[in-house]
Chemist: 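Before I ask anything, let me first share the structure, which is written out below as structure tokens.
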There are 2 protein chains.
Amino acid sequence: MIQPIAFRDNTLRLLDQRLLPAHEEWLELAEPQQVIEAIRDLVVRGAPAIGVTAAYGLVLGAGQLPDSRPEFDEGFAELCARMAVARPTAVNLAWAVRRMRALVTATPEASVSGLRVMLLDEARAMQVADVEANRALGHHGAKLLGDEVTVLTHCNAGALATAGYGTALGVVRAAVELGKSVSVLADETRPYLQGARLTAWELHRDGIPCTVITDNMSGHMMQTGAVDAVVVGADRIAANGDVANKIGTYMVAVLAREHGIPFYVAAPTSTIDLELSTGDEIPIEERDGEEVLVIGEERMAPLGVSAAYPAFDITPARLVTAIITETGVAIAPYEESLRVRCAAATGG
Amino acid sequence: MIQPIAFRDNTLRLLDQRLLPAHEEWLELAEPQQVIEAIRDLVVRGAPAIGVTAAYGLVLGAGQLPDSRPEFDEGFAELCARMAVARPTAVNLAWAVRRMRALVTATPEASVSGLRVMLLDEARAMQVADVEANRALGHHGAKLLGDEVTVLTHCNAGALATAGYGTALGVVRAAVELGKSVSVLADETRPYLQGARLTAWELHRDGIPCTVITDNMSGHMMQTGAVDAVVVGADRIAANGDVANKIGTYMVAVLAREHGIPFYVAAPTSTIDLELSTGDEIPIEERDGEEVLVIGEERMAPLGVSAAYPAFDITPARLVTAIITETGVAIAPYEESLRVRCAAATGG
């Protein structure tokens with residue numbers, strides 16, 4: 001199984017997703033600041049993967065802080081604050097940081113060396129739990145698909161976006177495991193091309209049929225009957241079911257509705273932010289427009305022309321057919337169903 | 001004024017649009033077969049520009065055919081047949097070839113040397129008429145825009161897609177000439193990036209504000225109120241108002257309707273094919289999927305993964321707010337209004 005995040009010998013190893021599919025290179029990080037930069041610079045992306053990466057980044061930081069509790073606590077709080085804002089949109093980052101921080105604040109009596117062990121255990125537990133959650137949500141989602149389907153997906157919500165197995169692609173993998181015949185239409189997902197580079201790469205490795213299309217083709221594909229279902233991941237889901245995900249997701253959702261095609265969001269409950277009542281409150285990361293204009297070494301537009309780069313958009317809940325979590329499938333009204341799903345995750 | 005097509009000294013000069021904006025190079029073509037290849041290989045693109053280019057290609061061919069009428073006629077018919085199928089979707093190509101061919105068949109008494117002069121005159125007349133048509137349709141369309149507007153456009157329906165001035169961008173230019181404050185959001189238009197490369201280039205040259213966005217951002221831009229109107233060109237329009245245009249146009253039309261934003265198509269009457277009752281009859285060019293996967297020198301997806309590349313899509317008439325032609329603006333029901341616009345063009 002592809003796992004883009006590995007931790008051993010006090011070193012965090014990240015598969016450098018910026019270089020895929022041409023090069024399969026692992027970065028070895030020993031400094032928490034390197035982890036913050038790796039998240040910011042898209043070495044690792046995908047909401048669940050960012051969460052687990054951040055947790056290991058805090059483990060690295062904990063190893064370097066002083067051995068006395070007050071100084072440790074102060075330094076750890078400061079590191080948590082910096083780690084939490086490496087990227088703004090995915091809630092899993094804040095969620096993972098909060099979990100790590102809570103461990104420290106909840107055990108004032110523990111020694112720093114004890115804390116270090118607990119923090120590493122916690123990060124490992126998150127990593128394992130993420131894969132398990134993806135397998136579980138994958139199997140819930142797979143039941144929603146027909147026996148012979150073409151699934152359109154946007155961006156990469158796969159093994160590479162998580163600790164492994166994937167969310168949207170977890171649904172695809174689980175359907176294949178159930179013996180269904182699934183082929184995937186992968187939006188290339190400009191500007192970062194996660195679909196062409198990452199989704200195609202991991203599906204090809206698993207032998208799952210995948211055809212890449214440019215982002216402007218999904219409407220035509222739906223219009224000509226080539227799409228049976230849309231499954232995407234999420235970076236943050238508000239309490240009312242509004243979904244923040246990679247820029248372009250909203251368009252796909254509008255088009256799916258126009259053509260009567262189900263639009264599914266696959267995400268672990270850690271992606272659900274019950275504290276936000278609607279998607280209007282989700283901060284949208286604005287990245288540098290040059291990332292749109294420069295492909296490889298070449299600048300596509302003439303100098304003097306600028307580009308916009310909102311990295312995410314909000315799909316309103318009314319366009320979402322169902323939200324697939326590890327504890328089951330939520331449908332509208334989401335205010336209620338998402339709370340039930342989240343409560344089930346915490347054993348509540 | 002940017003004019004991508006020039007003919008002098010029995011040589012057709014084409015601005016090589018594949019190299020823009022990095023390089024401004026002109027190809028000099030003396031052989032009709034080179035012209036066919038230039039059309040097929042996208043040196044020149046855009047329905048009206050293809051039509052004028054094909055006409056000059058036939059002029060080049062006429063210069064090389066035998067001086068006796070029967071042999072000339074046979075060779076010219078054969079060349080016309082090859083030229084007409086250089087690309088399948090744009091109707092202006094067939095329209096221009098038919099006009100040139102009609103000149104020959106209608107004047108059986110003319111000498112071959114006389115025909116050569118007549119054919120050159122006809123091609124020049126088409127070129128001049130195309131610019132005039134674009135100015136006229138531009139001014140009809142400009143009246144539909146507010147005084148301070150952001151226009152979203154897809155692909156390049158500008159000076160580079162025509163003999164000059166442009167269709168969709170002709171509307172923008174005319175609005176600017178009327179003193180309106182216009183800024184343009186240019187879909188980059190994968191895979192060929194006509195928006196980032198060509199639309200941005202020619203608007204920047206004219207000092208008209210232009211921001212490039214990836215194709216998956218237009219929904220978000222409309223959702224956040226950043227778009228006042230959509231104006232696109234067309235490659236072929238059926239009698240019922242269905243519009244074939246660059247892949248992705250259909251998606252933009254669905255999104256415009258979703259947000260109550262007017263969706264205008266700007267095209268000369270030569271783009272209207274009254275012989276096709278609906279868009280279902282318009283052939284959609286399927287290009288090589290490798291054109292999607294390879295950007296610059298680099299292949300974006302792993303080897304073994306394929307891509308689809310339908311080059312055009314069909315926007316149903318119900319999504320089209322108005323079709324702007326050189327003889328005036330057509331609105332639904334298009335069966336009637338398009339006939340009136342075409343009749344006005346031929347003085348009928």
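Order of the sequence lines sets the chain letters (A, B, ...), proteins ahead of strands, with each chain counted from 1.
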Chemist: Mind ranking B/Leu193, B/Ile247, B/Val305 by heavy-atom pairs under 4.5 Å with chain A and telling me who comes out on top?
Modeler: B/Ile247
Chemist: Would you mind checking which part of A/Met221 comes under 4.5 Å of any heavy atom in chain B, side chain (CB onward), backbone (N, CA, C, O), both or neither?
Modeler: side chain
Chemist: Do you know which of B/Val252, B/Leu20, B/Val292 has the most heavy-atom pairs under 4.5 Å to chain A?
Modeler: B/Val292
Chemist: Quick one: donor-acceptor pairs between chain A and chain B, under 3.5 Å, side chains and backbone, table format.
Modeler:
residue: A/Glu188; atom: OE1; partner: B/Arg190; partner atom: NE; Å: 3.4
residue: A/Glu188; atom: OE1; partner: B/Arg190; partner atom: NH2; Å: 2.7
residue: A/Glu188; atom: OE2; partner: B/Arg190; partner atom: NE; Å: 2.7
residue: A/Arg190; atom: O; partner: B/Asn216; partner atom: ND2; Å: 2.8
residue: A/Arg190; atom: NE; partner: B/Glu188; partner atom: OE1; Å: 3.4
residue: A/Arg190; atom: NE; partner: B/Glu188; partner atom: OE2; Å: 2.7
residue: A/Arg190; atom: NH2; partner: B/Glu188; partner atom: OE1; Å: 2.7
residue: A/His204; atom: NE2; partner: B/Leu303; partner atom: O; Å: 3.1
residue: A/Val212; atom: N; partner: B/Ser306; partner atom: O; Å: 2.9
residue: A/Val212; atom: O; partner: B/Ala308; partner atom: N; Å: 3.1
residue: A/Asp215; atom: OD2; partner: B/Asn216; partner atom: ND2; Å: 3.1
residue: A/Asn216; atom: O; partner: B/Gly248; partner atom: N; Å: 3.2
residue: A/Asn216; atom: ND2; partner: B/Arg190; partner atom: O; Å: 2.8
residue: A/Asn216; atom: ND2; partner: B/Asp215; partner atom: OD2; Å: 3.2
residue: A/Gln223; atom: NE2; partner: B/Ile314; partner atom: O; Å: 2.9
residue: A/Gly248; atom: N; partner: B/Asn216; partner atom: O; Å: 3.3
residue: A/Tyr250; atom: OH; partner: B/His259; partner atom: NE2; Å: 2.6
residue: A/Glu258; atom: OE2; partner: B/Arg318; partner atom: NH1; Å: 3.4
residue: A/Glu258; atom: OE2; partner: B/Arg318; partner atom: NH2; Å: 3.3
residue: A/His259; atom: NE2; partner: B/Tyr250; partner atom: OH; Å: 2.6
residue: A/Leu303; atom: O; partner: B/His204; partner atom: NE2; Å: 3.1
residue: A/Ser306; atom: O; partner: B/Val212; partner atom: N; Å: 2.9
residue: A/Ala308; atom: N; partner: B/Val212; partner atom: O; Å: 3.1
residue: A/Ile314; atom: O; partner: B/Gln223; partner atom: NE2; Å: 2.9
residue: A/Arg318; atom: NH1; partner: B/Glu258; partner atom: OE2; Å: 3.4
residue: A/Arg318; atom: NH2; partner: B/Glu258; partner atom: OE2; Å: 3.3

Chemist: Any side-chain heavy atom of B/Val254 sitting closer than 4.5 Å to one from B/Leu319?
Modeler: yes
Chemist: Go through B/Ile314 and B/Val243 one step at a time and tell me if the side-chain contact (heavy atoms from CB on, under 4.5 Å) criterion holds.
Modeler: CA-CA 5 Å; B/Ile314 307 293; B/Val243 174; over 6 Å; no
Chemist: Please identify, among A/Ala301, A/Pro302, A/Gly248, the residue contributing the most non-hydrogen atom pairs under 4.5 Å to chain B.
Modeler: A/Pro302
Chemist: Tell me, for B/Leu293 versus chain A, whether the close heavy atoms (under 4.5 Å) come from the side chain, the backbone, both or neither.
Modeler: side chain
Chemist: Can you tell me which portion of A/Ile295 sits under 4.5 Å from chain B's heavy atoms? Options are side chain, backbone, both or neither.
Modeler: side chain
Chemist: About how many Å separate CD1 of A/Ile50 and CD1 of A/Ile5, when rounded to the nearest 0.5 Å?
Modeler: 9.5 Å
Chemist: Does any backbone or side-chain atom of A/Leu203 lie under 4.5 Å from a heavy atom of chain B? Answer side chain, backbone, both or neither.
Modeler: neither
Chemist: Taking the side chain as everything from C-beta on, heavy atoms only, tell me whether B/Leu255 gets closer than 4.5 Å to B/Phe263.
Modeler: no
Chemist: Counting only non-hydrogen atoms closer than 4.5 Å, does A/Ala22 touch chain B with its backbone (N, CA, C, O), its side chain (CB onward), both, or neither?
Modeler: side chain
Chemist: Roughly how far, to the nearest 0.5 Å, is CD1 of A/Ile2 from CG of A/Leu15?
Modeler: 9.0 Å
Chemist: Measuring from A/Ile213:CD1 to A/Leu185:CG, what's the distance to the nearest 0.5 Å?
Modeler: 5.0 Å
Chemist: Please walk me through it: do A/Ile323 and A/Ile237 pass side-chain contact (heavy atoms from CB on, under 4.5 Å)?
Modeler: CA-CA 9 Å; A/Ile323 297 174; A/Ile237 300 172; 3.9 Å; yes
Chemist: Applying side-chain contact (heavy atoms from CB on, under 4.5 Å) to A/Val231 and A/Val172, what does each step give before you reach the verdict?
Modeler: CA-CA 9 Å; A/Val231 187; A/Val172 168; 5.7 Å; no
Chemist: For B/Pro283 and B/Pro88, work out which heavy atoms get closest and say how close.
Modeler: CG-O, 3.6 Å
Chemist: Which heavy atom in A/Ala196 sits nearest to a heavy atom in A/Ala200, and how many Å separate them?
Modeler: O-CB, 3.3 Å
